[in-house]
*Asks:* 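Below is the structure I would like to discuss, written out as structure tokens.
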Amino acid sequence: ERVDAAGWVLRFAAGYTRRANSAAALAADDEDLDDQVAWVEEEYAARELPAIFRVVAGCGPAGLDDVLAAAGYEREGDALVMTLELPADPRPPHGLRTLPVDAWLPLYERLNARGPEGRDLHRKLLESVRGERLLAALDEGGEAVACGLGVRDGAFAGLFDLAVAPALRGRGHGRRLVDELLRWAAAGGARTAYLQVLVENAVAIRLYERVGFREAYRYWYRARPAEARR
């Protein structure tokens, strides 16, 4: 669910991921920020979800971050959005295996060493994706060693849910996966690729920079401590 109102974008997905369950003030003004924050809190409380704010650097009300900090919202999950201009005459993709959602989800969970909790919500998010979706696996020796999600929408393509088998990291599989997803994106007419990565994930950032991605902007979340949300 998404609500656009008064310069805010509120997303709700029953609590699965902060990105899909947070509020961003992309075009709101600086007036009555306390009232704006209270309205966001009410919207999330009505859905029995904690209010989580996504603060985008250089965007929205200049005083929002300070207001949230004063209200007890702690900063967490600092992330980069990185972009890459794609070639107009790309090489065709090869080496990716396309999977149906019910086969891709358990592979993603296995490569991330996580259980099936939240699988139903993850499926709903994938099935609601706008644009052309690619659920892909990268094989080595007849076995899936990496997987990822590509979403192509007009001139833009996003890369999400990139994962490599823990025991096989550092062997170039992540680079191959990203390269193939970018070929797929460009072959379908996309001209700009983007992805999001936590600031603390230095290994992934170095990989993306080697591919050619550069930082476009940063964002972080503001959330109250778990004890305060109970």
Side-chain angles (χ1 to χ4, degrees), residues 1-83 112 114 117-118 120-131 149 151 153 156 158-162 192-202 204-205 208 213-230:
E1 181 187 359
R2 171 174 167 147
V3 173
D4 293 78
W8 286 83
V9 177
L10 280 59
R11 295 187 175 96
F12 312 91
Y16 186 82
T17 79
R18 286 177 299 193
R19 190 181 302 159
N21 292 273
S22 54
L26 300 182
D29 56 39
D30 274 283
E31 295 183 9
D32 302 319
L33 278 178
D34 289 333
D35 291 340
Q36 294 185 53
V37 168
W39 168 72
V40 171
E41 292 172 335
E42 291 170 1
E43 291 294 316
Y44 281 87
R47 294 161 176 83
E48 299 183 343
L49 291 170
I52 300 175
F53 294 81
R54 186 173 184 256
V55 182
V56 181
C59 186
L64 177 61
D65 199 51
D66 290 338
V67 168
L68 292 172
Y73 285 88
E74 297 182 352
R75 181 167 173 164
E76 58 186 39
D78 284 51
L80 304 180
V81 173
M82 306 181 76
T83 59
N112 275 288
R114 60 192 297 176
E117 299 84 3
D120 289 342
L121 285 172
H122 197 177
R123 179 187 292 105
K124 289 180 180 179
L125 283 175
L126 293 173
E127 291 174 343
S128 68
V129 166
R130 298 178 181 179
L149 163 66
V151 177
D153 190 2
F156 295 93
L159 275 55
F160 306 92
D161 290 344
L162 307 177
T192 302
Y194 64 92
L195 52 79
Q196 301 167 86
V197 57
L198 290 174
V199 170
E200 64 195 41
N201 194 346
I205 292 173
Y208 302 145
F213 280 92
R214 294 294 179 264
E215 178 181 339
Y217 63 90
R218 298 187 176 214
Y219 69 85
W220 55 91
Y221 296 96
R222 285 281 185 180
R224 285 205 170 104
E227 293 75 13
R229 298 200 298 261
R230 293 190 184 121

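Owing to the predicted nature of the structure, the values given are computational and were not obtained by experimental measurement.
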*Asks:* Side chain of Asp32, backbone of Asp35: donor and acceptor closer than 3.5 Å?
*Replies:*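 Here the side-chain-to-backbone pair does not exist.
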
*Asks:* Output the distance between atom CG (Leu10) and atom CG (Asn21), rounded to the nearest 0.5 Å.
*Replies:*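 It is 10.5 Å, given to the nearest 0.5 Å.
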
*Asks:* Nearest 0.5 Å please: distance from the CZ atom of Arg54 over to the CZ atom of Arg18.
*Replies:*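 Going from the CZ atom of Arg54 to the CZ atom of Arg18 covers 11.0 Å.
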
*Asks:* Between Tyr16 and Gly118, what is the shortest heavy-atom contact and its length?
*Replies:*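 Minimum heavy-atom separation between Tyr16 and Gly118: CE1-O, 3.6 Å.
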
*Asks:* If you compare all heavy atoms of Gly72 against all heavy atoms of Pro225, which two are closest, and at what distance to 0.1 Å?
*Replies:*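 Here Gly72 and Pro225 meet closest at O-CD, 3.6 Å.
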
*Asks:* With distance as the sole test, does Asp30 use its side chain to make a donor-acceptor pair with the main-chain N or O of Gly63 at under 3.5 Å?
*Replies:*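 Yes; judged by distance alone, with no hydrogens or angles, the pair exists.
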
*Asks:* Identify each donor-acceptor pair in which a side-chain atom of residues 46-53 lies under 3.5 Å from a protein atom, sequence neighbours left out, and give them as a table.
*Replies:*
| from | atom 1 | to | atom 2 | distance (Å) |
| --- | --- | --- | --- | --- |
| Arg47 | NE | Glu1 | OE1 | 3.0 |
| Arg47 | NE | Glu1 | OE2 | 3.4 |
| Arg47 | NH1 | Glu43 | O | 2.8 |
| Arg47 | NH1 | Glu43 | OE1 | 3.2 |
| Arg47 | NH2 | Glu1 | OE2 | 2.7 |

*Asks:* Is there a side-chain contact between Phe213 and Leu80, using heavy atoms and a 4.5 Å cut-off?
*Replies:*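 Contact flag for Phe213/Leu80 side chains = no.
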
*Asks:* Identify the two heavy atoms, one from Ala20 and one from Thr17, that lie closest to each other, and give their separation to 0.1 Å.
*Replies:*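 Heavy atoms of Ala20 and Thr17 come nearest at N-OG1, 3.2 Å.
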
*Asks:* Could Asp78 and Arg218 be called an ion pair, given the rule that one side-chain N must be under 4.0 Å from one carboxylate O?
*Replies:*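 Result for this pair is no, no salt bridge flagged.
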
*Asks:* side-chain contact (heavy atoms from CB on, under 4.5 Å) between Asp65 and Trp220: does it pass, once the steps are laid out?
*Replies:* CA-CA 10 Å; Asp65 199 51; Trp220 55 91; 2.9 Å; yes

*Asks:* Taking all heavy atoms of Leu33 and all of Leu64, pick out the closest pair and write down the distance.
*Replies:*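 Distance-wise, the nearest heavy atoms are CD1-N, 3.7 Å.
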
*Asks:* Please find out if less than 6.0 Å separates the ring center of Tyr44 from that of Phe12.
*Replies:*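 Distance test on ring centres: under 6.0 Å, yes.
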
*Asks:* Output the distance between atom CG (Leu121) and atom CG (Leu126), rounded to the nearest 0.5 Å.
*Replies:*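 Spacing of CG (Leu121) from CG (Leu126) equals 11.0 Å.
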
*Asks:* Judged by atom type as modelled, is there a donor-acceptor pair below 3.5 Å linking the side chain of Gln196 to the main-chain atoms of Gly158?
*Replies:*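 Pair absent, no side-chain N/O of Gln196 close to backbone of Gly158.
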
*Asks:* At their closest point, which heavy atom of Leu195 faces which heavy atom of Leu159, and how far apart are they?
*Replies:*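 Smallest heavy-atom distance, with atoms named: CB-O, 3.7 Å.
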
*Asks:* Take atom CZ in Phe160; do more than 12 heavy atoms of anything else shown fall under 6.0 Å from it?
*Replies:*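 Yes, the 6.0 Å shell around CZ holds more than 12 heavy atoms from other groups.
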
*Asks:* Taking the side chain as C-beta and beyond, is there a heavy-atom pair between Arg75 and Arg222 under 4.5 Å?
*Replies:*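 Yes, close enough: below the 4.5 Å cut-off.
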
*Asks:* Say you draw a straight line from NE2 of His122 to CZ of Arg114; how long is it, rounded to the nearest 0.5 Å?
*Replies:*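 Rounded to the nearest 0.5 Å, the NE2-CZ separation comes out at 7.0 Å.
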
*Asks:* Minimum heavy-atom separation for Ala23 and Val40, please, with both atom names.
*Replies:*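 Nearest heavy atoms, Ala23 then Val40: CB-CG1, 3.7 Å.
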
*Asks:* Does the plane of the ring in Tyr221 sit parallel, tilted or perpendicular to the ring in Tyr219? Use 30° and 60° as the thresholds.
*Replies:*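 Correct class here is perpendicular.
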
